[in-house]
Amino acid sequence: SGHGFHQPHHGFYGTGLTMDQVEQEMLRDISAHLIGGGTFPLAGSGHLERTIMVNGHSITYRAIQLLSGEIRVSTYWHN
């Protein structure tokens, strides 16, 4: 947690968003994507970028699927 959120160049300062808000919305989006039949690339074969809205702010994240089946978000940023 926080890798993307606490980096000044990722643009979250001054947005009023909390790390928890952003990460909860990413979890909801990942779940909806999987329930809808979507997949994530396996580690080593690229990543999937998805964009979500959190309290009127556009956030993009990159995610992959590990061999264990776990979905890993490598980074995220405010657009």
Side-chain angles (χ1 to χ4, degrees):
S1 286
H3 173 74
F5 195 84
H6 294 296
Q7 301 298 318
H9 60 279
H10 285 199
F12 288 99
Y13 293 112
T15 63
L17 297 173
T18 66
M19 184 174 65
D20 187 55
Q21 286 173 307
V22 172
E23 292 183 355
Q24 287 299 316
E25 287 300 323
M26 283 190 292
L27 289 172
R28 278 191 266 282
D29 184 67
I30 289 167
S31 179
H33 180 68
L34 293 171
I35 288 169
T39 61
F40 289 89
L42 288 175
S45 65
H47 60 263
L48 180 66
E49 282 189 7
R50 292 187 55 86
T51 300
I52 58 175
M53 293 299 290
V54 183
N55 291 348
H57 295 274
S58 175
I59 310 295
T60 299
Y61 68 91
R62 291 182 181 152
I64 60 169
Q65 183 172 350
L66 303 179
L67 292 176
S68 66
E70 176 185 353
I71 304 300
R72 172 84 39 97
V73 173
S74 59
T75 192
Y76 57 95
W77 61 92
H78 183 265
N79 296 310

Set of side chain to side chain donor-acceptor pair (under 3.5 Å) partners for Gln24, sequence neighbours left out: none
Shared-cluster residues of Ile35, by chain and number - hydrophobic side chains joined below 4.5 Å: none
Distance-minimising heavy-atom pair for Pro41 and Gly46: CB-O, 3.8 Å
Gap separating the CD1 atom of Ile59 from the OG1 atom of Thr15, nearest 0.5 angstrom: 7.0 Å
CG on Leu34 to CD on Gln65, rounded to 0.5 Å: 7.5 Å
Least distance between heavy atoms, Val22 atom then Ile52 atom: O-CD1, 4.3 Å
Separation between CD of Glu25 and CE of Met53, rounded to the nearest 0.5 Å: 10.5 Å
Residue pairs involving residues 36-45 (criterion salt bridge (charged side-chain N to carboxylate O under 4.0 Å, His left out); sequence neighbours excluded): none
Residue pairs passing the ring-ring contact (aromatic ring centres under 6.0 Å, His included) test where at least one lies in residues 21-41, sequence neighbours excluded: His33-Phe40
Point-to-point distance, once rounded to the nearest 0.5 Å, from OH of Tyr61 to CD of Glu23: 12.0 Å
Transitive ILVMFWY side-chain link Met19 to Val54, under 4.5 Å: yes
Contacts of Ala43 that satisfy side chain to side chain contact (heavy atoms under 4.5 Å, CB included) - sequence neighbours left out: Ile64, Leu66
Those residues that, when tested against His57, pass ring-ring contact (aromatic ring centres under 6.0 Å, His included) (two or more places apart): His78
